[in-house]
Amino acid sequence: MLWVIFTTFMVYTVFVMWFSWYKTKGTDLNSQDGYFLGGRSLPGLVIACSIILTNLSTEQIVGLNGQAFGESMVVMAWEVSSPIALIIMAFVFLPRYLKTGITTIPDFLEQRYDLRTRQIVSILFIVGYAVAYLPTVLYSGALVLDSIFSLTSITNMSPFMIVLLVSVAIGLVGCGYVILGGLKATAMSDTINGIGLIAGGLLIPFLALIALGGGNIQEGVNQLLTANPTKLNAIGDHNSSVPWAVLLTGMLFNNLFYWATNQSIIQRSLGAKNLAEGQKGVLFAGMFKVFGVTFLALPGIIAFLMYGNTLANPDLAYPTLVADVMPLALSGILAAILFGAIMSSFNNALNASITLFTLDIYKPMFKPQAKENELVKAGRVFAATLAAISVVVAPFIIFAPQGLYAYLQEMFGFYSMPILAMVLVGFFSKRIPAIAPKIAVVVHVILYAASKVVLADINFLYVLSVLFPLNVLTMVIVGRLRPRDTPFELHDANVVDLKPWKYAKPFSIAMIVIMIAVYAFFSPIGVAEVSVPYSPWLFVFLFGVLALIGAIIWYWVKMEKKHTNFKTDDTKKVSSY
């Protein structure tokens, strides 16, 4: 009965709220670090859970399983290939972020380039969150909660009003966390919801396998492995949504942007109490992504074997499966966990947006002398405003054409690669000037827009595979033509201990081995079968991109050495005089 679902839902949700409030007591929420970075006190487990919950949302849980239902295990690439980017984040990006003591990615870009670059990137992030991400999280979350509680049939309200009311509820609770508790409150709620999501997420495929096997889980596993082996293939061909040739090119670049430069994700690790805890959090999250395939793709395959082509919309696969296999008493808890995932994605994107607005736009442009408590107040006002806008926009997505969200996701490609290039080039170059990232953004936008017209039928991951190296090359060429007058050096802010986690390397190696094993299992050398032969042109594409990257790195290193030698020779001349 619905009252049972609602009761368990409320008990779990209220417990999470109380836990977050209890753990936040004593944190100075009127200081910049206290409010935006949780006082730089977050341990590894909290960071991992918060990263996972920020990443996971109902759109992803429902959407990836829906894609698996309609396609195959090839969609697991969005999960299983992520550890590569997270390992790079732990060893390359995070130590440099923590060393400089930054609060936002644009904060680093100002240190490396100039204030204008910082503000351009902040605006790009905020627009992306406000226009696409926040309203879509609310919309997809409302649809899932509606399917669990049957709100439309009970209230006889229109889907528009249901989405609006549920969005208001999520927005109010989310603002309560962000405005009153800052980053630490959202991170603490993510810890509990993260544990619940893992337990609940693993329970769904377990119960689904029992149902598939007619009450016998062994028979269910046998059906999964033998009924349709082509659905288990994770090695995509040219026509799949993730061709195998882009796993180490376009997909890796996309993952690096998301896991290493996306403010809403990396803000958790910036709040680490030290580098060791930050690395733990990032790498723990990476290990989770490997096993996340069990509830972000497998349920979609099981649903296909159970329902076949009877579902009109693939996105109904996961909600239908949950409704059929989940015991009534646990449905409310799962609904609360999904509500937590919705709220987490909303909270953390909102928190990232207000951090960017307050520190990168409000303070430098409108009130440079603002005190820390004034910045926190401005952030809270902006949070309420942005949440209100998102709530209003969310129900109107119902009138958008089908597939609009996928289109909007691709639109993020307009700025993702230039931002990644700015950060990487900023780390490893000393002479590339502030004008370089601005030119790279313009060149990238023109080329990416042209690809949407000229190469409309080409998978956007192919396009990103080529455009990211070209972004780097553009900046390197500008650096060759107009180098900085003085070399850039990363300064040490001494805000946290930078001693690395002693088990980081063996843990990373183990994670890569497991990742390769998972791919081998869901491939033709494992339990899967291939429906069509692979094109040899995929090999040509992969080696061509790798050759391009190698050539750019060679040219870049040569340029850096030339500038270094030139400076050395110039210094010797001055000394001789």
Are the side chains of Met73 and Val293 in touch, meaning some heavy atoms are under 4.5 Å apart? yes
Any idea which heavy atoms bring Glu79 and Gly292 closest together, and the distance? OE1-CA, 4.4 Å
Mind listing the closest non-hydrogen atom pair of Leu232 and Leu224 along with its distance? CD1-O, 3.4 Å
Which pair of non-hydrogen atoms, one from Thr474 and one from Ala440, has the smallest distance, and what is that distance? CG2-CA, 4.1 Å
Any side-chain donor near an acceptor of the partner, Arg112 and Ser429, under 3.5 Å: yes
Between Pro229 and Val527, what is the shortest heavy-atom contact and its length? CB-O, 3.8 Å
State, with a plain yes or no, whether a side-chain heavy atom of Leu64 is found less than 4.5 Å away from one of Trp78. yes
Any sub-3.5 Å donor-acceptor pair from Lys231's side-chain atoms to Ala528's backbone N or O? no
In Å, rounded to the nearest 0.5 Å, how long is the span from CD1 of Ile51 to CG of Leu86? 7.0 Å
From CA spacing to verdict: side chain to side chain contact (heavy atoms under 4.5 Å, CB included), Val246, Val242: CA-CA 7 Å; Val246 303; Val242 186; 4.1 Å; yes
Distance from Ser465 atom OG to Phe253 atom CZ, nearest 0.5 Å? 6.0 Å
As a test of understanding, state which of Thr249, Asn255, Leu248 forms a side-chain contact (heavy atoms from CB on, under 4.5 Å) with Met251. Asn255
side-chain hydrogen bond (donor to acceptor under 3.5 Å, both in side chains) between Trp259 and Ser82: does it pass, once the steps are laid out? CA-CA 8 Å; Trp259 294 109; Ser82 295; 3.3 Å; yes
Is any side-chain heavy atom of Leu424 closer than 4.5 Å to one of Val472? no
CE/Met417 to OG1/Thr261 distance, rounded to the nearest 0.5 angstrom? 7.5 Å
Without swapping roles, check the side chain of Asn471 against the backbone of Leu467 for a donor-acceptor pair under 3.5 Å. yes
Could you tell me whether a side-chain N or O of Ser122 sits under 3.5 Å from a main-chain N or O of Gln119, the two making a donor and an acceptor? no
Find out whether Leu275 and Lys499 are in side-chain contact, i.e. whether some heavy atom of one side chain is under 4.5 Å from a heavy atom of the other. no
If you define the side chain from C-beta out and look only at heavy atoms, does anything of Tyr519 sit under 4.5 Å from Leu247? yes
Does the side chain of Phe69 reach to within under 4.5 Å of the side chain of Ile301, using non-hydrogen atoms? no
Taking Val530's backbone N and O only, do any of them form a donor-acceptor pair with Thr230's side chain (distance below 3.5 Å, no angle check)? no
Nearest 0.5 Å, what's the OG-CG distance between Ser416 and Leu124? 10.5 Å
Please test Ser269 against Met89 for side chain to side chain contact (heavy atoms under 4.5 Å, CB included), starting from the C-alpha separation and ending with a verdict. CA-CA 10 Å; Ser269 50; Met89 167 64 176; 3.4 Å; yes
Determine whether Phe539 and Trp244 satisfy the following criterion, ring-ring contact (aromatic ring centres under 6.0 Å, His included), listing intermediate values before the conclusion. CA-CA 10 Å; Phe539 290 94; Trp244 68 264; 4.8 Å; yes
Before you tell me yes or no, could you show the steps for His238 and Phe541 under ring-ring contact (aromatic ring centres under 6.0 Å, His included), namely the whole-Å CA-CA distance, both residues' side-chain angles and the distance that decides it to 0.1 Å? CA-CA 11 Å; His238 172 67; Phe541 173 82; 9.1 Å; no
Going through the checks in order, is the ring-ring contact (aromatic ring centres under 6.0 Å, His included) test met by Phe288 and Phe295? CA-CA 11 Å; Phe288 173 84; Phe295 61 90; 5.8 Å; yes
With side chain to side chain contact (heavy atoms under 4.5 Å, CB included) as the test, would you mind laying out the steps for Arg480 and Tyr555 before giving the verdict? CA-CA 10 Å; Arg480 173 69 181 268; Tyr555 179 73; 3.4 Å; yes
Using the ring of Tyr113 (Phe, Tyr or Trp, six-membered ring only), decide whether Arg118 places NZ or CZ under 6.0 Å from its centre and within 45 degrees of its axis. no
Nearest 0.5 Å, what's the CD1-CE distance between Ile435 and Met475? 10.5 Å
Just by modelled atom types, is the Ile235 backbone N or O under 3.5 Å from a matching donor or acceptor in the Tyr534 side chain? yes
Any chance you could lay out the ring-ring contact (aromatic ring centres under 6.0 Å, His included) test for Phe427 and Phe93, step after step, and finish with the verdict? CA-CA 8 Å; Phe427 284 160; Phe93 289 80; 5.5 Å; yes
Can you find a pair of side-chain heavy atoms, one from Phe468 and one from Asn254, that are under 4.5 Å apart? no
Give the intermediate values and the outcome of side chain to side chain contact (heavy atoms under 4.5 Å, CB included) for residues Tyr97 and Ile105. CA-CA 8 Å; Tyr97 289 156; Ile105 291 298; 3.2 Å; yes
Distance from Leu321 atom CG to Tyr318 atom OH, nearest 0.5 Å? 8.0 Å
Can any side-chain N or O of Ser240 pair as donor or acceptor with the backbone N or O of Asp237 at less than 3.5 Å? yes
So Phe414 and Tyr448, would you call those rings parallel, tilted or perpendicular, with 30° and 60° as cut-offs? perpendicular
Quick check: does any side chain N or O of Asn262 sit under 3.5 Å from a backbone N or O of Ile265, one acting as donor and the other as acceptor? no
For the side chain of Arg484 and the backbone of Ile432, is there at least one donor-acceptor N/O pair under 3.5 Å apart? no
Are the side chains of Lys280 and Phe507 in touch, meaning some heavy atoms are under 4.5 Å apart? no
Mark yes or no for whether Gln279, through its side chain, and Phe91, through its backbone, hold a donor-acceptor pair below 3.5 Å. no
Compare every heavy atom of Gly278 with every heavy atom of Ile47, then report the nearest pair and how far apart it is. CD1-CA, 4.0 Å
Heavy-atom donor-acceptor pair, Ser535 side chain to Trp537 backbone, under 3.5 Å: yes
Strictly below 4.0 Å, N to O, side chains only: are Asp492 and Arg96 in salt-bridge contact? no
Given Glu71 and Ser241, is the side-chain hydrogen bond (donor to acceptor under 3.5 Å, both in side chains) satisfied, shown in steps? CA-CA 9 Å; Glu71 191 174 4; Ser241 60; 2.9 Å; yes
State, to 0.1 Å, how close Ala317 and Ala303 come at their nearest heavy-atom pair, and which atoms those are. CB-CB, 4.0 Å
